Each structure stands twice: as structure tokens, then as C-alpha cells.
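No experiment lies behind these values; they were computed from the predicted model shown. Residue numbers begin at 1 in each chain, while the letters A, B, ... track the order of the sequences.
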Protein chains: 2
Amino acid sequence: MTTRMTRQRAAVAEALDQQDEFRSAQQLHEVLRARGDSVGLATVYRTLQTFADAQEVDQLRNADGEVLYRRCERVEHHHHLVCRSCRRTVEIDGPTVEAWAAKVGAAHDFTDIDHTIELWGTCADCRG
Amino acid sequence: MTTRMTRQRAAVAEALDQQDEFRSAQQLHEVLRARGDSVGLATVYRTLQTFADAQEVDQLRNADGEVLYRRCERVEHHHHLVCRSCRRTVEIDGPTVEAWAAKVGAAHDFTDIDHTIELWGTCADCRG
DNA sequence: CGATTCATGAGAACGATTCTCACGCTTGGT
DNA sequence: ACCAAGCGTGAGAATCGTTCTCATGAATCG
């Protein structure tokens, strides 16, 4: 076996599902505490990392360097357009960018190309 | 006044110019120490931040979340293709991606679009 | 039911970065 | 050049997100 089902993992998964936007491990920990499903902070971190490794959640860093997690609609590879202020997120499909990234990498003889492509902006609601 | 010229700032700028690849504040601090131009770590951090704010150096985060700095050839906006292992860097021009990012942002009614687009790969030399 | 072994949690440890604050040096004006 | 004014500096403390430690708890398999 490699992954056991525990009360904690179920709780983190559920808390994650209730969120619409990207959240930090600490925020999710707080959500869990508020719900009464107390889970240790270290466990929240570990669980999120496990989910991310299994590609069950998406992960990105905000400008402050904090890691944020979110369970996205689509499982396939995609990018995000995130509101700087409320974190409202739009999942983006970028076949053009993917191709561009691959081409640029090949052109310079780099392999195993990986790309970090995220868009940040201010959404209509946060503009007043 | 807002920016004074000090021995420390000159030293950091010079150390930065001697580097071909992206370096962390701590690495640059070490470079300075090795050269004999001792500068406090806090000052290195502050100075790099100042340079970055003035867009005199480019800044990005590696997978570990560390911030890396580099004085690039071109001053205009561009992206980077960086070798994961040796950090060899290629400056990339991405008019297509820029346009794509702007269009996607507008399509979802987000303003002040900012994008994080960096490519990571393994360069020819690091492949053996 | 038990044994095995992964998972958990509290707190310590870490590592990068920022802050504090007294002292020093650059600068602009004279 | 000389000085006053105030930004810049540095050593170490403080932050803060994240990871590690390790004894204890609980899924899972037979």
C-alpha cells in the first residue's frame, strides 16, 4: 500500500472542494479548524503536497512566495488567470503557449521543458 | 534625494555584472565576501530589491521558492529559458505570448494583467 | 484479531527574507 | 571644501512559511 485513507485526508479533501479559489495551507488549516475537523498543520501541508504530487490539486505561488492550492475543474494541463485581490480564478487553455514553449526549448537545445505560466490581474468585481 | 551611491551598491552591481546566470542574494553575498568587498547580507537583499524595483535586474523564483537575480542583456520586457541544473539562461522574446496573455485577460474582464512566464529545461551541456 | 507500517501531531528546527536601530557616509547647499 | 540633514549600513533579532522529528495512533492485510 502507499496511500491510506484517514479522517484527516478526507477532511482536507473536503475542505478543498468547498473552496472556489486558491488557498494556502494555513488558510485551509483554519477552515478545517472552523469546521471542527481539527487536523494538524503539518498534516495539512503533507496532505496537500501528496495531492499535488498525485496531480489531484493545482499549485502555484503568489507574489509573496506562498504556495496556494486549488482543486480545478479540469484535470488536463492548464494555466490560470487569477485575481490579485480576491483570487477569483479562471482556468485557461493555452495550446498556443504550450507549442511556443516547446518550440523555444527545442530551438535552444534544452530538453525536459517545463513552464511556469500564470496570469494575474484585477477582476471586474474588485475594480468597483 | 532617493538613491545614493555607496561603496556597497557599487560592489553589488559589479558582482552582479560578473555573473552570467541567475544568482540568489546569498550567493551574491558570498561572491562579494570572496572578492573582499564585504557587504552585509541585509544590504545585499535591500540593494537587489532596489535594483529590481528600478527594473535594473530581472528577478524570478526557482522551484524551491528562492528568488534569483540577474542583470540581463536586454532591458525591454522578456522571459527566460533557464537550465534547471546550471542555470544557463537564454533571454526569450515572446510577442505571441504577450498578445495571448493580454487577450485572455481582456476576454475575462480582468485588467492590469501581469504574467509570470518562465521556461525551465535541461541544457545540452548538462545532459552529458 | 494482530501485526505491520504508514499517518499524525506538537513542537522544534529550518531557511530565506525582513526588521530594528544606532552609527556612518553621501549629498546639496553655502 | 564644510556641514547639516537624512538615507544607507550592518549585526543580530525577528518573521514566517514550511519541513522535520519522533513517539503515539490507526488503516490495512492475512
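- The side chain of R9(B) has dT9(D) as its nearest neighbour among dA26(D), dT9(D), dC25(C).
- When side chains are defined from C-beta on, E91(B) counts as touching R70(B), because their heavy atoms get closer than 4.5 Å.
- L28(A) has its CG atom 11 Å from the P atom of dT18(D), to the nearest Å.
- H79(A) and W100(B) have perpendicular rings, their planes meeting at more than 60° on a 0 to 90° scale where under 30° would count as parallel.
- Heavy atoms of R46(B) sit under 4.0 angstrom from at least one base atom.
- Here dC7(D) presents its P atom at 17 Å from CE of M5(B), a figure rounded to the nearest Å.
- Salt-bridge check for D93(B) with R74(B): passed, with a basic side-chain N closer than 4.0 Å to an acidic carboxylate O.
- At least one side-chain nitrogen or oxygen of Y45(B) sits closer than 4.0 Å to the OP1 or OP2 atom of dT17(C).
- Considering only side-chain N and O atoms, Q26(B) lies under 4.0 angstrom from the phosphate OP1 or OP2 of dA16(C).
- Within the structure, a side-chain polar atom (N or O) of Q8(B) is placed less than 4.0 Å from OP1 or OP2 of dG10(D).
- When the nucleotides dT9(D), dA5(D), dT18(D) are ranked by their closest atom to the side chain of A25(A), dT18(D) comes out on top.
- Atom P of nucleotide dG12(D) and atom CG of L41(B) are separated by 12 Å, given to the nearest angstrom.
- Neither F22(A) nor L16(A) shares a network with the other; the hydrophobic side chains, linked directly or stepwise wherever heavy atoms of I, L, V, M, F, W or Y lie under 4.5 Å apart, form separate groups for each.
- Following rounding to the nearest Å, Q49(A) (CD) and dC20(D) (P) show an atom-to-atom distance of 10 Å.
- Atom CD in E66(B) sits about 9 Å away from atom C1' in dG15(C), given to the nearest Å.
- Protein atom CG of D64(A) is 9 Å distant from nucleotide atom P of dG17(D), rounded to whole Å.
- Considering only side-chain N and O atoms, T6(A) lies nowhere under 4.0 angstrom from the phosphate OP1 or OP2 of dA26(D).
- When rounded to the nearest whole Å, the span between CG of N62(B) and C1' of dG15(C) equals 13 Å.
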